[in-house]
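Below is one structure, written out as structure tokens; comments come after it.
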Amino acid sequence: MNYKGLEINETAEGIEIQGVHDFDLVHIFDCGQCFRWLKQKDGSYLGVVGSKAVRVSFYNEKLFISGSTYDDFVNLWYEYFDLGTDYSKIKKALCKDEIMAKAVEFGHGIRLLRQDIWELLISFIISANNRIPRIMKSVETLSKTFGNEISSSEGVFYSFPKPEDLSSCSMDKIELCKAGFRCKYISETSDMIRKKAVDLGSLSDMDTAHARKELIKLSGVGAKVADCVLLFSATKFDVFPTDVWIKKIMEILYFKREATLKEIDIFSKDYFGDLSGYAQQYLFFYARETKIS
DNA sequence: TTGCAGGGGTCAA
DNA sequence: TTGACCCCTGCA
């Protein structure tokens, strides 16, 4: 079978997609955009997306997704893995200096996943002043406590809860996820989303500055979290989420001195323009993996 | 073994 | 502009 130029083989175990370029699971899942993919000993990853729990592996330009059908690919995975975007074009446009050329070469298989904006919102609220393993544990516990069970050939998993699941329950229950002072933010933001105080679905119709302002109305959401939510949900690509890693790498590689968040924001808009979000991902992965700072 | 610093930021003063 | 904030891990 063929879908938009990609050859797909469906078997009893799942689907195999051939001829996938600019794609590397480690680069994709380890560049800071997602919290629900767990690396396995054989290099494959187990993860939950929406109501699907799958194992993915990649080898020789072939992407394998367990327990999935051709229809799943058309309805979910093609979009989720952003397979319709030509990353070689983006990379070429970004490689206008030696720094970016190195970063792009290093994370050549990065792709920006198109993730559910609500799940991202709560996940990145949890990420504030936190560590990745703990963020993953909290997201997992929220799903186990409030989500639906998903049985798959790979085991039992849980979907991420809906806004009404989190807004209707007591603080005691939310505190089970051990997110500490962020539990209050989760509860308040869930309530605001349920009441449509902020409409996540309408953000794509706004310009970037307006969409960011809307998100910052939510409890526990500042500039950094807002930018992550906009970028990783594929709502806006001209944002440059600046955390401590990105700040350090920008200071070392570009500014050659200390710089404020505002300076970095202005620089990225001017220098990377509409591709700021992609640039951020290559730089983040480069900084993290090479421990450049 | 115990103790302490600090972490993918946000909020309130 | 600055410090507190949950909880947990890593390290002395």
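A, B, ... follow the sequence lines: proteins, then strands. Residue 1 opens every chain.
- Contacts between residues 259-282 of chain A and DNA chain B, counted as heavy-atom distances below 4.0 Å, involve no residue at all.
- Using the six-membered ring where Trp is involved, W245(A) and F284(A) have ring planes that are perpendicular, over 60° apart on the 30 and 60° scheme.
- Nucleotides of DNA chain C nearest to K137(A) and A179(A) differ in position, and the one nearer the 5' end is that of A179(A).
- Using bins of under 30°, 30° to 60° and over 60° for the plane-to-plane angle, the ring pair H108(A)/H27(A) lands in the perpendicular bin.
- Listed by chain and residue number, nothing satisfies the salt bridge (charged side-chain N to carboxylate O under 4.0 Å, His left out) test with D243(A) (two or more places apart in sequence, or in another chain).
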Task: Strand DNA chain C as a dot-bracket string - pairs counted if Watson-Crick or G-U with both distances under 3.5 Å, | where the partner lies in another strand - done: |||||.||||||
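- Judged by distance alone, the side chain of S219(A) and the main-chain N or O of T189(A) form no donor-acceptor pair under 3.5 Å.
- Remark: R182(A) in residues 182-197 of chain A come within less than 4.0 Å of DNA chain C through at least one heavy atom.
- Scanning DNA chain B 5' to 3' for nucleotides with an atom closer than 4.0 angstrom to a non-hydrogen atom of chain A gives a first and last hit of dG6(B) to dC11(B).
- Across Y185(A), W118(A), F35(A), a single residue satisfies ring pair (Phe, Tyr, Trp, His ring centres under 6.0 Å) together with F124(A), and that is F35(A).
- Side chain of E251(A) to main chain of A259(A): a donor-acceptor pair is present (N/O by atom type, distance under 3.5 Å, no hydrogens or angles).
- For the pair D265(A) and K262(A), the salt-bridge criterion is not met [side-chain N within less than 4.0 Å of a carboxylate O].
- Contacts between chain A and DNA chain C, taken as any atom within less than 4.0 angstrom of a protein heavy atom, begin and end at dC5(C) to dT9(C).
- A centroid separation of less than 6.0 Å is found between the aromatic rings of Y271(A) and Y254(A).
- Each of P133(A) and N129(A) was assigned the nucleotide of DNA chain C with the nearest heavy atom; the assignment lying further toward the 5' end belongs to N129(A).
- Between dT10(B) and dT9(C), the distance separating the two C1' atoms is 22 Å to the nearest Å.
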